[in-house]
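Bear in mind the structure is a predicted one, so any value in this text is a computation, not a measurement.
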Amino acid sequence: AMLVGPAPWLPMLALAAGFLGTLLVYGLFLAQYRSRRAADEQRLLLDTVLDNLDAEVYLKDALRRIRYLNAKGASRLGRPAAELIGRRDVEAMDRSLADAAWELDRAVLHDGRRSSAQVAQSAPGGAPRQLWTVRLPMQVDEEAAVLCVATDVTELHRLKARADAASKAKSDFLSNM
């Protein structure tokens, strides 16, 4: 009955449109799956690189919430990174250390420029640590944030102090001859 009416091609057109629509939806889902999988692989690669750096890396927003923390930074704080992400810095570490770090972080957020500095910090055992920190401002989810990479240079300072002492001893010896 349909093939005799005024539009005998209408059922074939509906079938073709339905088939093309199904292909389009399938293509969109496939593209989204591949995109998400590529993003997951990139995230895994980035996490692997940052977790194997010999530096503490964190990302903190303007409300002092930790947005990212690598494995080395988490181990220094004594808790897993997943437990610390989303918490404020004063909840994750000693208040005086958090406030001292925040002063440097806040200056970077305020000025909007990268900053490098050497920072003396007491270690959990009480021995002082020397850190070389690089901080830079970022935008994360349309919020201001600061990324910090802190490298422990304590051993380098010890070696330099020993070399300076040896050089002074040599100079004193030569001047007394």
Side-chain angles (χ1 to χ4, degrees), residues 31-170:
Q32 184 177 9
Y33 169 76
R34 286 181 178 163
S35 174
R36 183 167 291 165
R37 189 168 172 206
D40 288 344
E41 288 173 0
Q42 287 287 30
R43 173 67 186 223
L44 180 62
L45 176 64
L46 182 61
D47 282 344
T48 301
V49 169
L50 291 174
D51 284 344
N52 287 290
L53 278 180
D54 194 22
E56 298 167 18
V57 180
Y58 68 80
L59 181 69
K60 219 186 309 181
D61 66 17
L63 299 174
R64 297 178 72 165
R65 286 182 311 208
I66 299 169
R67 302 288 301 266
Y68 176 81
L69 183 65
N70 74 341
K72 182 146 181 136
S75 71
R76 186 180 69 80
L77 296 174
R79 293 192 271 179
E83 186 180 311
L84 296 169
I85 292 174
R87 294 183 181 262
R88 296 184 72 230
D89 58 359
V90 293
E91 298 170 28
M93 65 178 80
D94 181 61
R95 176 122 194 147
S96 62
L97 290 175
D99 289 342
W102 178 244
E103 285 304 313
L104 298 169
D105 294 339
R106 189 174 56 169
V108 169
L109 286 172
H110 181 266
D111 296 342
R113 289 188 309 196
R114 178 184 168 180
S115 166
S116 300
Q118 183 174 322
V119 178
Q121 200 178 71
S122 62
R129 293 184 341 149
Q130 296 292 322
L131 299 173
W132 180 255
T133 63
V134 178
R135 289 176 165 81
L136 60 136
M138 297 182 69
Q139 289 289 329
V140 177
D141 298 332
E142 299 179 18
E143 287 184 49
V146 61
L147 174 71
C148 178
V149 179
T151 306
D152 191 337
V153 293
T154 306
E155 187 61 28
L156 180 66
H157 279 267
R158 282 190 201 124
L159 292 173
K160 183 181 180 303
R162 267 197 257 155
D164 289 346
S167 177
K168 184 177 180 338
K170 178 182 167 188

Atom [atom1] of [X]: over 12 foreign heavy atoms under 6.0 Å:
{"X": "Gln42", "atom1": "CD", "answer": "no"}
{"X": "Asp111", "atom1": "CG", "answer": "yes"}
{"X": "Arg79", "atom1": "CZ", "answer": "yes"}

Can you name the nearest heavy-atom pair linking [X] to [Y], along with the distance?
{"X": "Ser116", "Y": "Trp132", "result": "CB-CZ2, 3.6 Å"}
{"X": "Tyr58", "Y": "Leu69", "result": "CB-CD1, 3.9 Å"}
{"X": "Cys148", "Y": "Thr133", "result": "SG-CB, 4.2 Å"}
{"X": "Ala74", "Y": "Pro80", "result": "CB-C, 4.1 Å"}

Using a 3.5 Å cut-off and no angle test, enumerate the donor-acceptor pairs between side-chain atoms of residues 87-101 and protein atoms at least two apart in sequence or in another chain.
unit_1: Arg87; atom_1: NE; unit_2: Glu83; atom_2: O; d: 2.9
unit_1: Arg88; atom_1: NE; unit_2: Leu63; atom_2: O; d: 3.3
unit_1: Asp89; atom_1: OD1; unit_2: Arg64; atom_2: NE; d: 3.0
unit_1: Asp89; atom_1: OD1; unit_2: Arg64; atom_2: NH2; d: 3.4
unit_1: Asp89; atom_1: OD2; unit_2: Lys60; atom_2: NZ; d: 3.0
unit_1: Asp89; atom_1: OD2; unit_2: Arg64; atom_2: NE; d: 3.1
unit_1: Asp89; atom_1: OD2; unit_2: Arg64; atom_2: NH2; d: 3.3
unit_1: Asp94; atom_1: OD2; unit_2: Ser96; atom_2: N; d: 3.4
unit_1: Asp94; atom_1: OD2; unit_2: Ser96; atom_2: OG; d: 2.4
unit_1: Asp99; atom_1: OD1; unit_2: Arg64; atom_2: NH1; d: 3.4
unit_1: Asp99; atom_1: OD1; unit_2: Arg64; atom_2: NH2; d: 2.8

Separation between [atom1] of [X] and [atom2] of [Y], rounded to the nearest 0.5 Å:
{"X": "Leu104", "Y": "Leu109", "atom1": "CG", "atom2": "CG", "value": "11.5 Å"}
{"X": "Ser75", "Y": "Asn70", "atom1": "OG", "atom2": "CG", "value": "8.0 Å"}
{"X": "Leu131", "Y": "Thr154", "atom1": "CG", "atom2": "OG1", "value": "6.5 Å"}
{"X": "Leu156", "Y": "Thr151", "atom1": "CG", "atom2": "OG1", "value": "11.0 Å"}
{"X": "Asp152", "Y": "Asp54", "atom1": "CG", "atom2": "CG", "value": "8.0 Å"}

(message) Can you tell whether the side chains of Asp47 and Arg43 come within less than 4.0 Å, N to carboxylate O?
(response) yes
(request) For the pair Val140 and Tyr68, evaluate side-chain contact (heavy atoms from CB on, under 4.5 Å) and give the outcome as yes or no after the intermediate values. (result) CA-CA 11 Å; Val140 177; Tyr68 176 81; over 6 Å; no
Are [X] and [Y] close enough that some pair of their side-chain heavy atoms sits under 4.5 Å apart?
{"X": "Leu44", "Y": "Asp40", "result": "no"}
{"X": "Arg65", "Y": "Glu143", "result": "yes"}
{"X": "Asp105", "Y": "Val108", "result": "no"}

(request) List the steps and the verdict of side-chain contact (heavy atoms from CB on, under 4.5 Å) for Arg76 and Arg129. (result) CA-CA 12 Å; Arg76 186 180 69 80; Arg129 293 184 341 149; 3.1 Å; yes
